[in-house]
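Have a look at the structure below before the remarks.
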Amino acid sequence: MTDSSFKTVDPTELAKHFESGEAERRWDAVWQSSGLHRWDETKSRAETFVVDTPPPTVSGSLHVGHVFSYTHTDVIVRYQRMRGKNIFYPMGWDDNGLPTERRVQNYFHVRCEPTEPYVADLELLEASSAQKKERPRLVGRKNFIELCHQLTELDEQAYKNLFTRLGLSVDWRQSYETINDRCRKQAQLSFLDLHSKGHAYLSFAPTMWDVDFQTAVAQAEVQDRPKQGHFHHIEFGVEGSDDSFVIATTRPELLPACVGVTAHPSDKRYQHLFGKNAVTPLFGVPVPIFPSELADPEKGSGILMVCTFGDQTDVLWWRSQKLALRQILGKAGRLEPLTFGTEAYPSLEATAANAAYAELVGKNTEQARKAIVELLRAPNGAGKPPLVREPEPVQQAVKYFEKGDRPLEFLSTRQWFARLVDKKAELLAKGNEIHWHPEFMATRFRDWTENLGIDWCLSRQRYFGVPIPVWFALDERGETAWEQPIFPAADQLPVDPMADTPPGFAEAQRGQPGGFVGETDIFDTWFTSSLTPQIGSHWLLDESRHEKLFPADIRPQSHEIIRTWAFYTIAKAMLHENSVPWHNVVISGWILDPDRKKMSKSQGNVITPMHLFDEHGVDAVRYWAASARLGTDTAFDPQVFKIGRRLTTKLFNAAKFVLSHAGQTGDISHELDRAFVQKLRELVERTTKAHDSFQFAQALQDTESFFWTHFTDTFLELAKPRAWQSADGPSHTDAERTSAIAALRLGLSVLLRLFAPVLPYITEEIWSWTFANETGHASVHGAPWPSGAELASVPAPADADSFARAVDVFTAIN
RNA sequence: GGGCGCAUAGCUCAGUUGGUAGAGCACGGCCCUUACAAGGCUGGGGUCGGCAGUUCGAGCCUGUCUGCGCCCACCA
């Protein structure tokens with residue numbers, strides 16, 4: 001290092017304290033205009049670090065949990081940028097889901113109805129409460145999407161402001177909304193690709209159905225909830241004999257839907273019944289009795305009725321035994337009208353059966369259950385009630401749609417599926433190619449994939465979302481030819497089959513014999529979300545860009561959506577290109593409130609972050625977030641903000657001190673200074689290693705501890721007398737002085753850069769005082785990450801322990 | 001019913017390949033020492049959830065139990 005004069009800062013010119021709010025706004029503006037965060041599309045994939053940013057749901061406001069996890073990503077990104085990587089860090093807005101749909105409905109008091117024609121200049125304002133008493137206005141899908149854009153634009157701006165203030169080094173030019181034309185086009189292209197490869201198929205089959213939302217749901221959206229149910233012991237007859245037996249069921253209202261009876265093949269109590277027909281009470285319907293390994297002799301009475309459909313096992317039995325289909329529940333979850341004594345509903349006593357059913361028809365399952373229990377209490381022909389004893393309480397786990405309030409039903413409906421169950425081994429192999437952080441999170445993916453039982457149901461009977469791009473031909477009688485889907489050309493996308501005309505047809509042929517009908521269903525929102533890496537890379541739209549951005553380097557996300565978002569994204573990348581979507585998954589934990597409950601909007605315990613920024617400063621809040629290891633749930637603790645705040649203050653003061661002394665610097669020749677640099681080099685090596693494995697919390701802790709213990713509390717005090725050369729102190733040579741000043745500056749420069757990913761504002765502020773000019777790197781965030789090589793130019797100390805020894809002496813004196 | 005994770009000072013958490021328990025906050029004491037009182041120095045405080053095992057030696061490895069959290073499971 002050659003002698004040179006450095007610009008210095010006069011401490012009297014600096015503010016007494018670091019004004020974080022003012023500095024944050026100032027640097028935000030600088031960063032945006034400088035283009036520091038921009039992806040350079042001319043650079044190769046190898047030079048680039050690609051982030052598959054989670055697009056937040058746009059439906060109100062962000063909370064402190066977002067701040068937490070998005071900070072993690074930004075810390076990783078800022079480190080990679082300093083390592084010289086070309087960063088691709090986009091932001092998406094997820095405005096394609098149920099939350100947005102609900103919000104638009106309420107705000108404008110509208111409902112989406114795909115059959116409604118498009119109104120070119122529809123203008124709607126926020127609905128008044130008076131309007132809300134009227135029926136909602138029906139608007140077409142295209143209008144609904146426009147309203148969605150209109151409403152979410154405000155939210156998106158607010159989100160962007162918050163994320164900018166948080167210091168996320170996002171390239172805002174790479175923003176997208178999941179409902180925009182390009183994303184809808186890509187989702188539809190994805191479907192066409194899946195279909196052409198044989199992965200997507202149409203099926204008329206029992207599917208999990210939510211009776212309130214009136215849509216099919218996928219396995220991944222289903223959760224079990226404990227529920228207090230009752231075992232109802234009901235006596236069945238046996239056709240052609242006086243024999244009888246008692247089944248136990250929690251769903252007596254499905255008795256009219258009974259299509260069979262089963263017990264375990266080795267169950268001696270019931271073996272004599274196999275092959276005979278049971279006769280249902282009340283309805284007198286003969287149904288086959290068959291053995292099944294799936295029946296548990298220990299459960300209930302060991303023999304049970306099979307209904308279409310009480311649960312997933314019923315579906316299995318119905319398929320394997322080729323039983324009749326008696327689907328008494330309608331899509332709204334109410335018992336449909338039907339007549340006993342017909343081919344579909346045979347009965348030995350049709351009159352009585354119809355009389356009993358008249359008590360149930362039109363009721364929902366809860367109501368029907370009560371009603372049928374009353375019917376079952378009445379004595380039958382033999383003078384005793386079919387309900388042999390009072391219902392017994394039983395704890396059961398019942399399947400619910402995760403957003404639903406009533407149990408799911410299995411209904412046979414027409415749905416689109418993606419074939420996944422036959423690809424478990426390949427999916428597991430892809431999961432193993434990906435590095436999960438923390439590693440144990442891979443288990444979640446493996447368990448889910450291994451236990452996958454149903455293909456991915458892609459279709460939803462909702463109105464708002466990305467339409468499935470299919471039409472069907474109508475034959476001469478006007479019947480839909482389901483086996484003849486008509487697909488749009490790729491350049492026609494995005495299409496809405498309810499509004500757009502298929503190739504080779506005229507709009508006038510819609511619904512006409514010999515014409516066509518449009519698919520009414522839309523995609524599962526995960527169908528679009530599972531394409532975020534491809535949305536970022538413009539897959540199928542710009543192949544050279546795709547090659548530079550796919551697969552991504554990291555997918556940041558939370559653990560509860562491994563089975564959905566991570567799983568589907570892995571599945572899509574595999575089905576489309578036999579690739580992994582990214583090389584690393586980084587899982588942030590949850591923020592827990594002081595009661596250690598997960599902070600979430602639905603719990604109503606969220607804390608909005610903006611006032612935290614004002615109160616503690618953004619760097620302090622980021623410090624709190626970055627202190628948590630990946631995958632670890634973290635308590636919301638304002639105490640930690642204070643510690644972060646103190647760190648920024650200390651940095652400010654220490655820097656003011658180091659940089660405020662004018663003078664020459666020279667070679668770092670003094671033994672103590674060399675010993676300090678040696679310690680610094682070890683720190684750099686450790687923190688670099690930590691960051692390379694996404695252990696930013698460890699790097700931060702290490703740096704922070706070094707900063708307080710070795711830098712401010714000791715080295716700075718030890719170097720001070722030499723650097724200062726006060727009039728009444730001991731005299732030092734120039735070499736001793738310049739060595740001290742050089743070492744102090746080097747230490748500050750290195751520590752600033754080590755802190756920069758976590759504390760972008762204070763480090764940038766200090767960097768700008770002199771280092772920006774000195775180094776030619778205008779921003780600390782564009783400066784190179786400190787390396788061993790950089791510090792190796794300073795010779796090692798003669799005695800490896802001299803720093804520790806000096807510290808001992810220093811401490812003893814004080 | 002299965003799987004995963006967590007359990008260390010009053011609080012929030014570190015603890016890398018097994019080698020005499022750590023930090024910050026809080027608490028007590030002493031300092032307004034010329035970067036910093038939004039500081040500095042210093043002190044007290046822990047059978048590392050229980051039990052058993054491997055080992056010369058266990059917070060760390062093995063087994064088991066308890067508590068909490070999460071994920072999953074064919075709901076009769």
Side-chain angles (χ1 to χ4, degrees), chain A residues 11 14 16-18 219 222-227 229 231-232 234 247-252 254 261-263 292 294-296 299-307 310-317 394-400 407-408 410 438 440-448 450-453 559-560 562-563 589-590 592 594 596-598 616-617 620 624 627-629 631-640 642-661 686 689-690 695 697-698 701-702 704-705 708-709 712-713 716-717 720 724 726 811 814:
Chain A
L14 285 169
K16 179 114 175 91
H17 305 300
F18 176 54
Q219 187 182 351
V222 173
Q223 56 184 216
D224 288 8
R225 296 184 199 162
K227 201 182 167 223
F231 262 135
H232 300 75
I234 300 170
I247 62 107
T249 180
T250 55
R251 303 205 55 183
L254 292 180
V261 166
T262 188
S292 166
L294 294 176
D296 180 357
K299 222 165 183 177
S301 58
I303 190 164
L304 65 128
M305 68 171 182
V306 179
C307 306
D311 61 32
Q312 201 166 336
T313 329
D314 281 348
V315 177
L316 293 176
W317 282 317
V394 59
Q395 271 298 323
Q396 39 176 191
V398 180
K399 286 192 188 309
Y400 284 76
L408 290 170
F410 280 83
F440 69 80
M441 289 294 178
T443 312
R444 301 266 181 109
F445 172 81
R446 273 198 295 272
D447 287 353
W448 176 256
E450 280 165 4
N451 293 319
L452 202 63
H559 45 77
E560 83 278 15
I562 288 175
R563 65 170 175 162
W590 286 344
L592 308 175
R596 301 205 73 85
K597 284 223 173 80
K598 184 198 171 189
H616 304 281
W624 162 74
S627 299
R629 292 172 303 156
T632 307
D633 295 347
T634 301
F636 178 80
D637 186 0
Q639 200 64 251
V640 184
K642 296 206 173 100
I643 298 164
R645 179 68 161 187
R646 210 179 50 137
L647 175 61
T648 62
T649 303
K650 190 76 174 175
L651 265 169
F652 182 88
N653 288 323
K656 210 162 59 167
F657 173 79
V658 169
L659 297 177
S660 65
H661 290 279
R686 286 196 307 273
K689 205 172 153 195
Q695 311 216 26
Q698 193 184 311
Q701 193 187 27
D702 203 355
E704 184 190 10
S705 159
W708 287 100
T709 312
T712 62
D713 290 351
L716 222 147
E717 298 298 336
K720 201 188 274 186
W724 263 247
S726 61
T811 334
N814 287 272

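Reminder, nothing fancy here: chain letters follow the sequence lines and each chain counts from 1.
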With sequence neighbours left out, write down each residue that passes side-chain hydrogen bond (donor to acceptor under 3.5 Å, both in side chains) with A/Asn653, or none if nothing qualifies.
none

Compute both the distance and the angle, then confirm whether A/Arg646 meets the cation-pi test with A/Trp708: under 6.0 Å from the six-membered ring centre, within 45 degrees of the axis.
yes

List the residues meeting side-chain hydrogen bond (donor to acceptor under 3.5 Å, both in side chains) with A/Ser627, not counting sequence neighbours, and say none if there are none.
none

Let me have RNA chain B in dot-bracket notation, would you? Count Watson-Crick plus G-U wobble pairs, both distances under 3.5 Å, and use [ ] for pairs crossing earlier ones and | for inter-strand partners.
((((((((.[[[[.)...(..]]]].(((((.......))))).....[[[[[..)....]]]]])))))))....

Listed by chain and number, what are the side-chain hydrogen bond (donor to acceptor under 3.5 Å, both in side chains) partners of A/Gln639, not counting sequence neighbours?
none

Backbone of A/His616 reached by a side-chain donor or acceptor of A/Arg645 within 3.5 Å:
yes

Report the residues that fulfil side-chain contact (heavy atoms from CB on, under 4.5 Å) with A/Lys399, sequence neighbours left out, ordered by chain and then residue number.
A/Met208, A/Val222, A/Asp224, A/Gln312, A/Leu408

Take the protein atom CD of A/Gln223 and the nucleotide atom P of B/rC72, then report the distance between them rounded to whole Å.
8 Å

A/Ile303 meets the side-chain contact (heavy atoms from CB on, under 4.5 Å) criterion, sequence neighbours left out, with A/Phe245, A/Ile247, A/Val261, A/Ala263, A/Tyr270, A/Leu273, A/Ser301

Run the side-chain hydrogen bond (donor to acceptor under 3.5 Å, both in side chains) test against A/Asp702 and tell me which residues pass, sequence neighbours left out.
A/Arg686

Between N or O atoms, less than 3.5 Å apart, protein on one side and nucleotides 23-26 of chain B on the other: list the pairs.
residue : atom : partner  : partner atom : Å
B/rC25  : OP1  : A/Arg646 : NH1          : 3.0
B/rC25  : O2'  : A/Gln639 : OE1          : 3.3
B/rC25  : O2'  : A/Gln639 : NE2          : 3.4

Among B/rC75, B/rC74, B/rA76, the one nearest any side-chain atom of A/Asp311 is B/rC75

Listed by chain and number, what are the side-chain contact (heavy atoms from CB on, under 4.5 Å) partners of A/Pro438, not counting sequence neighbours?
A/Phe440, A/Met441, A/Ile587, A/Leu630

Letter per nucleotide, 5' to 3', of nucleotides 29-37 of chain B [B base touched, S only sugar-phosphate touched, - untouched; heavy atoms, 4.0 Å]
------BB-

Could you write out each protein N or O paired with an N or O of nucleotides 3-6 of chain B at a distance under 3.5 Å?
residue : atom : partner  : partner atom : Å
B/rG3   : O2'  : A/Asp447 : OD2          : 3.1

Give the rounded distance in Å between these two atoms: NZ of A/Lys689 and C1' of B/rU16.
8 Å

Of the listed nucleotides B/rC75, B/rC72, B/rU12, the one nearest the side chain of A/Trp448:
B/rC72

Return the set of residues passing ring pair (Phe, Tyr, Trp, His ring centres under 6.0 Å) with A/Phe657 (not counting sequence neighbours), or none when no residue passes.
A/His661, A/Trp724

Using the C1' atoms only, state how far B/rC41 lies from B/rC32, rounded to an integer number of Å.
14 Å

Taking only side-chain N and O atoms of A/Arg563, does any of them lie within less than 4.0 angstrom of OP1 or OP2 on B/rC71?
no

